Structure formats: C-alpha cells, structure tokens
Number of protein chains: 2
Amino acid sequence: MTISFEYEADPQRIEQQSFAIIRELTELSGLSDEQQQVVMRIVHSTGIPELAPQVRFSAAACEAGLRALIKQRPILCDAEMVKQGLTKRMLAEEPLCFLNDPAVPVLAQEHQETRSMAALRFWPPFLSDAIVIIGNAPTVLFRLLEMIQQGAPKPALIIGMPVGFVGAAESKQALWDNHLALGIECITLLGRQGGSAVAASACNALLRCQRGERY
Amino acid sequence: MTISFEYEADPQRIEQQSFAIIRELTELSGLSDEQQQVVMRIVHSTGIPELAPQVRFSAAACEAGLRALIKQRPILCDAEMVKQGLTKRMLAEEPLCFLNDPAVPVLAQEHQETRSMAALRFWPPFLSDAIVIIGNAPTVLFRLLEMIQQGAPKPALIIGMPVGFVGAAESKQALWDNHLALGIECITLLGRQGGSAVAASACNALLRCQRGERY
C-alpha cells in the first residue's frame with residue numbers, strides 16, 4: 001500500500017497563501033492598516049475568521065505599541081507560552097515572564113492568590129511604557145487594572161486576551177470598559193476565546209508592521 | 001474615581017468552576033471517561049465548547065497514550081510552545097523539540113522545506129512508542145505520515161492538531177483517513193482550528209488521567 005500526500009512545503013508560499021485566504025474570509029472593513037494586520041494574525045493563530053468582530057482596539061493602541069517597540073521598551077508576558085509565541089528574530093530583547101521565578105509559589109501561597117498574580121509583584125519596575133501581553137490568566141488582567149488604578153506605572157499598551165470560562169470574558173470586558181477612565185491603550189478579544197498564541201500573535205503583527213512587513 | 005473588580009483568585013476554585021461549566025456546555029455523550037477528559041481540556045484551552053464534535057479518537061488512542069506515559073516514553077513536540085504548554089510538574093522527563101537546533105535552518109534551506117519539517121530529521125531515534133504532539137505545522141504531520149509509511153518507527157500516539165488555512169485541515173484529515181492503514185493511534189481535531197495550546201492540552205488531560213485527576 002502506498003499513500004501519497006500533496007502539500008505545500010515552501011514556508012514563504014504557505015504564509016502568502018494563508019494571508020490571502022484570511023483576507024478573503026475576514027471582515028476587516030473600518031479597520032486601519034495596522035489594525036487589519038493584528039486581526040488577520042489573530043485569525044491566523046486560531047483558524048477562526050469569525051473572531052474578527054470580537055477584537056477591540058483603543059483609539060491609539062497600534063501606534064502606542066509600535067512606539068514602544070521602536071523605543072525597545074520591555075515586553076511583559078503572563079506566561080512562558082506567550083514568550084515562546086513571539087517571533088524571536090524580531091525582538092530587540094528577551095521578553096520578561098516571572099511565572100517560573102522560585103519566589104512565586106511562596107508568594108502565591110502567602111497571599112492566597114494564583115501564581116500568575118503573584119508573578120505580577122515583579123512587574124512594577126518594568127511597567128512604565130512597556131508592552132504587556134496577557135494570554136493566560138484573567139486574574140493577571142484584573143490585578144493589573146487594580147495596580148494601575150492604585151498608581152502603578154502605566155504600560156504603553158495592554159494586549160489582554162486570556163482564555164476560559166471563569167473570569168476571562170469578564171476581565172476583558174473590564175479592560176475594555178475602563179481603559180478610557182484609566183488612561184490606557186489596549187487591544188483585546190472580547191468573549192471566552194483567547195490564549196497565549198492569540199495574544200502573542202497580536203504583538204507579532206505589530207512587530208511585522210514595525211519592519212514594514214504587511215500581508 | 002475608584003473602580004472595584006470582583007473575581008475569583010483561588011486557583012483550585014477557578015479550575016473546579018471552569019470544568020463544571022465546561023461539562024455543562026460540552027457534548028460528551030458516547031465518549032469514554034478518558035476521552036471526556038481530553039475533550040474537556042481542549043475546550044478549556046480554547047474557550048469553545050462547540051469544538052467537541054471535531055475531536056476524533058482512534059480506537060485505543062487514550063490507552064496507548066497512557067501506557068506510553070507510564071513507560072516514560074519520549075514526548076516529541078513540533079514547537080517550543082507545545083513543550084511550554086505541557087504541565088511541567090507532571091512530566092517524567094523534558095519533552096523533545098528540535099526546531100531550534102542550529103542545524104535546522106541549514107537543513108531546511110538545503111532540502112527546500114519548512115524548518116518544522118527539517119526538525120523531523122532528528123526524530124527517528126526517539127519515535128518508537130513515543131507520544132508525538134503536533135500543534136503548529138501541517139507540514140510536520142504530513143511528513144511524519146510519509147516517514148511512517150516509508151518504515152520509520154511507529155509512535156504510540158500521535159496528537160495531531162496543527163492550526164491554519166493552508167494544509168492544516170488537510171493534514172488532520174489525512175491522519176484520520178489513514179491511521180488504520182498505517183496502524184497508528186491518534187487524537188485529532190478536524191478542521192482549521194488547533195494550535196500549540198490545544199495540542200498540549202490533549203496530552204495534559206492524559207497526564208492528569210494517569211495520576212487519577214479527573215474533572
């Protein structure tokens with residue numbers, strides 16, 4: 001028995017074809033060039049063009065993100081998977097994630113909070129003008145909003161896209177409802193869907209825009 | 001102005017609540033205990049209960065995966081994100097991923113193939129009775145099927161869940177259509193959806209089953 005498989009193995013052609021299909025299937029009207037790139041890359045990471053209407057951008061989100069990338073500001077991630085999802089060759093410096101710091105489980109126990117929340121205790125020195133990418137834990141997004149309200153330095157951009165059934169949709173709605181009052185720029189994906197790959201993909205789109213790569 | 005947020009910060013309660021909601025929202029009828037755990041964890045990783053009907057299990061997929069875990073066979077991943085998505089504290093040994101091996105870009109160029117495919121050239125010594133998790137590249141799944149057809153050692157289980165618009169759905173359909181002829185056990189998610197987090201979640205469900213943790 002011989003089965004033969006026909007498939008495209010050229011990475012450039014795969015990428016070009018993917019984004020041609022995504023552009024055809026995705027509702028992009030009313031979006032700026034940069035916003036379109038972000039939405040298309042979110043669709044690319046999930047396989048779901050129907051997610052497009054759930055993406056929300058604050059007024060100057062893409063511009064703020066691009067400025068922070070140009071200035072090589074820190075990139076803070078709530079999970080190692082987010083870090084791994086970022087296009088490494090386009091990063092000026094290694095993104096920061098404190099979740100696996102040996103102090104984190106101890107702090108989490110002590111404060112009766114998730115390990116993800118405990119890892120945020122390391123963020124304040126890096127927060128000012130940073131890009132924050134939250135792809136995993138709703139508790140991180142809630143806690144960050146509280147910290148900013150209580151006077152923590154403001155990041156340039158929050159990409160807030162945790163996934164799940166307990167708190168994820170609520171945390172993203174809270175980000176969206178309060179970003180103006182808190183004076184923060186954000187990109188979010190309303191509803192339960194999200195995750196590390198999705199959140200990283202939004203930043204990857206900005207990294208490509210910054211280098212003039214567009215689809 | 002003071003905004004206050006109410007949210008659950010206890011990780012155990014978050015997990016319990018999540019899976020109670022997932023069980024309520026997800027069509028699980030006709031599935032074995034282990035299959036239910038896998039499907040629920042896929043839903044957990046995506047936020048999409050509607051994906052359940054797209055999951056496919058070969059006849060002894062969960063049993064074969066559990067046996068390989070007990071025997072501490074290698075776990076081969078197509079992407080670093082898949083590795084990062086596995087629940088580290090439950091793993092006997094570090095999973096293998098060769099994508100960032102310095103030889104890979106050279107091999108990819110030489111053979112005019114994706115880097116993901118080139119990384120597979122390191123797999124044969126580890127393939128026998130291993131668990132293979134493919135969350136990123138359709139080309140890896142196609143190439144692995146070709147390798148097995150050409151006589152490469154057979155893994156115990158293929159978790160094949162690449163995501164995307166070019167080749168992803170086709171590669172998973174090819175896995176599903178040919179698994180009996182090739183004599184391999186597999187878990188897949190038909191259609192365009194998938195990804196590193198989803199693929200890792202299926203293995204994470206088996207890791208929990210092996211330890212008697214069920215939801």
Side-chain angles (χ1 to χ4, degrees), chain A residues 1-5 7-11 13-15 17-19 21-22 25 43-48 79-81 83-85 88 100 108 112-117 138-139 142-143 145-146 149 163-171 174 177-178 181-182 191-198 200, chain B residues 1-5 7-11 13-15 17-19 21-22 25 43-48 79-81 83-85 88 100 108 112-117 138-139 142-143 145-146 149 163-171 174 177-178 181-182 191-198 200:
Chain A
M1 165 212 72
T2 306
I3 314 156
S4 97
F5 304 104
Y7 56 99
E8 181 60 74
D10 179 281
R13 278 204 299 268
I14 293 172
E15 182 122 322
Q17 281 178 29
S18 291
F19 280 90
I21 296 169
I22 290 168
L25 296 177
V43 170
H44 182 253
S45 75
T46 56
I48 312 177
E80 287 291 333
M81 270 190 98
K83 251 179 81 166
Q84 285 294 343
K88 204 178 283 182
N100 291 332
Q112 289 285 302
E113 61 193 12
T114 62
R115 291 193 306 117
S116 297
M117 281 172 82
T139 53
F142 276 126
R143 184 74 195 107
L145 294 177
E146 289 173 347
Q149 178 165 262
V163 59
F165 293 83
V166 174
E170 294 82 352
S171 70
D177 291 345
N178 295 293
L182 292 172
R192 288 181 184 135
Q193 297 90 356
S196 301
V198 184
Chain B
M1 164 214 70
T2 307
I3 315 155
S4 97
F5 305 103
Y7 57 99
E8 181 59 74
D10 180 280
R13 278 204 297 269
I14 293 172
E15 182 121 324
Q17 281 178 30
S18 291
F19 281 90
I21 296 169
I22 290 168
L25 295 177
V43 170
H44 181 253
S45 75
T46 56
I48 311 177
E80 286 292 333
M81 271 192 98
K83 251 180 80 166
Q84 285 294 343
K88 205 177 282 182
N100 291 330
Q112 290 284 302
E113 60 193 13
T114 63
R115 291 193 307 117
S116 296
M117 281 172 82
T139 54
F142 276 126
R143 184 74 194 106
L145 294 177
E146 289 174 346
Q149 177 165 262
V163 60
F165 293 84
V166 175
E170 294 83 353
S171 70
D177 290 345
N178 295 293
L182 291 172
R192 286 180 185 135
Q193 297 91 356
S196 300
V198 183

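Worth knowing before you read on, the calculation uses all heavy atoms, side chains too, and leaves out hydrogens, waters and symmetry mates. Residue numbering restarts at 1 for every chain, and letters A, B, ... go by the order of the sequence lines. Since the model is a prediction, treat every value here as computed from it, not as a measurement.
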Original post:
Who are the side-chain hydrogen bond (donor to acceptor under 3.5 Å, both in side chains) partners of A:Gln17, not counting sequence neighbours?
Top reply: none
Original post:
With sequence neighbours excluded, what pairs up with B:Glu170 under the side-chain hydrogen bond (donor to acceptor under 3.5 Å, both in side chains) test?
Top reply: none
Inter-residue atom distance [X].[atom1] - [Y].[atom2], 0.5 Å rounding:
| X | Y | atom1 | atom2 | value |
| --- | --- | --- | --- | --- |
| B:Thr139 | A:Ile14 | OG1 | CD1 | 5.5 Å |
| A:Lys83 | A:Ser196 | NZ | OG | 13.0 Å |
| B:Ile48 | A:Gln193 | CD1 | CD | 4.5 Å |
| A:Gln84 | A:Met81 | CD | CE | 9.0 Å |

Measure distances from [X] to the heavy atoms of chain B and classify the residue's part below 4.5 Å as side chain, backbone, both or neither.
| X | answer |
| --- | --- |
| A:Leu25 | side chain |
| A:Arg13 | neither |
| A:Thr46 | backbone |
| A:Asp177 | neither |
| A:Ile21 | side chain |
| A:Ser45 | backbone |
| A:Met117 | side chain |
| A:Val43 | both |

**OP:** Could you tell me which of A:Leu145, A:Thr114, A:Val198 has the largest number of non-hydrogen atom pairs under 4.5 Å with chain B?
**Re:** A:Thr114
Original post:
Highest number of heavy-atom pairs under 4.5 Å with chain B: which of A:Arg143, A:Arg115, A:Arg192?
Top reply: A:Arg192
Original post:
Counting heavy-atom pairs under 4.5 Å to chain A, which of B:Ser171, B:Pro11, B:Ala169 comes out on top?
Top reply: B:Pro11
**OP:** Examine B:His44 together with A:Phe165 and report whether their ring centres are nearer than 6.0 Å.
**Re:** no
Subject >> Part of B:Lys88 lying under 4.5 Å from any heavy atom of chain A >> reply: side chain
**OP:** Please work out whether the ring planes of A:Phe142 and B:Tyr7 are parallel, tilted or perpendicular, with thresholds of 30° and 60°.
**Re:** parallel
